[in-house]
Amino acid sequence: MDKTIHEKLDALSLDQFVQEMVLGKIASDIYNQSKEVAPLRHVGIRKSKLLSAPQTPKAQVQEAPTPIQAEA
């Protein structure tokens with residue numbers, strides 16, 4: 001289970017990771033790997049907590065475009 005989560009963390013951005021976690025893709029991957037060890041009915045992620053935000057360089061941060069006002 002930890003191996004699957006760490007592989008996803010390394011391969012995906014934070015937004016992609018959260019989307020897969022919420023939609024159940026990560027839980028599905030964990031279920032498929034775990035059912036070989038023991039019979040399971042359901043695997044799900046109940047709770048998650050962001051301990052620290054990843055540091056992104058300023059070049060990657062996108063700001064909202066400023067609206068252009070038409071002169072009258």
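The structure presented is a predicted model; accordingly, all values stated were derived computationally and were not measured.
Residue Tyr31 holds its OH atom at 11.0 Å from CZ of Arg41, rounded to the nearest 0.5 Å. Atom CG in Asp29 sits 13.5 Å away from atom CE in Met1 (nearest 0.5 Å). Atom NZ of Lys3 and atom CD of Gln33 lie 7.0 Å apart (nearest 0.5 Å). Here the CG atom belonging to Leu9 is positioned 7.0 Å from the CD1 atom belonging to Ile26, to the nearest 0.5 angstrom. Note: Ile5 CD1 to Asp10 CG = 12.0 Å, rounded to the nearest 0.5 Å.
In this structure a side-chain-to-backbone donor-acceptor pair under 3.5 Å is missing from Ser28 to Gly24.
The cluster map of Ile, Leu, Val, Met, Phe, Trp and Tyr, joined by side-chain heavy atoms under 4.5 Å apart, puts Leu40 and Ile45 in the same cluster.
Heavy-atom contacts from other residues, nucleotides or ligands closer than 6.0 Å to CD of Glu7 number more than 12.
For the pair Val43 and Ala27, the tightest heavy-atom approach, listed with the atom from each and the gap, is O-CB, 3.5 Å.
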